[in-house]
Amino acid sequence: MVMNELNRKALIAGAVAALAVEAGIWLGSQALAHFDPALIWYAIGSVLAAFALAYRFAVWAQRPPSRLYFKRGLQLFFQRCFIHCASRATLQRFNASTRPP
């Protein structure tokens with residue numbers, strides 16, 4: 001792949017992220033009925049930042065060493081933290097609900 005070529009998968013990931021932010025702005029402002037025009041530049045910046053972040057992450061994750069780091073990191077997260085944190089949160093909720101007043 002030549003450095004000047006655009007990466008299709010990364011472009012799609014960036015476009016999806018930008019559309020998600022746009023949809024959030026549209027839904028959050030009730031179809032732009034409550035959108036403040038003074039904040040248009042912040043909205044544009046948020047959309048562009050979402051695109052850039054998703055694009056760079058997708059490009060990074062496609063490289064073989066980075067893909068290995070990413071997959072291994074997800075495995076570690078779901079093995080240790082997710083299971084441990086979810087069980088602790090469930091136990092804390094259970095303990096809080098069974099205490100006498």
TODO: With rounding to the nearest 0.5 Å, note down the distance linking CG in Leu74 to OH in Tyr69.
DONE: 15.0 Å
Task: Spatial distance of atom CZ (Phe57) from atom CZ (Phe70) [nearest 0.5 Å] - done: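 Spacing of CZ (Phe57) from CZ (Phe70) equals 3.5 Å.
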Task: Exercise: identify the closest heavy-atom pair between Ala13 and Ala54 - done: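 Heavy-atom minimum between the residues: O-CB, 3.6 Å.
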Task: Heavy-atom closest contact (Trp60 atom, Ser66 atom, distance) - done: O-CB, 2.8 Å
Open item on the list: Run Tyr55 and Ile12 through side-chain contact (heavy atoms from CB on, under 4.5 Å) and show every step you take.
Closed with: CA-CA 8 Å; Tyr55 181 85; Ile12 291 170; over 6 Å; no
Task: Residue pair Leu11 / Arg8, side-chain heavy-atom distance below 4.5 Å - done: no
Open item on the list: Are Ile44 and Leu53 linked, directly or through intermediate hydrophobic residues, by side-chain heavy-atom contacts shorter than 4.5 Å (ILVMFWY only)?
Closed with: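 In one cluster: no.
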Listing, residues 19-29 side-chain donor-acceptor contacts under 3.5 Å, not counting sequence neighbours, or none:
residue, atom, partner, partner atom, Å
Ser29, OG, Ile25, O, 2.8
Ser29, OG, Trp26, O, 3.4
Ser29, OG, Leu32, N, 3.0

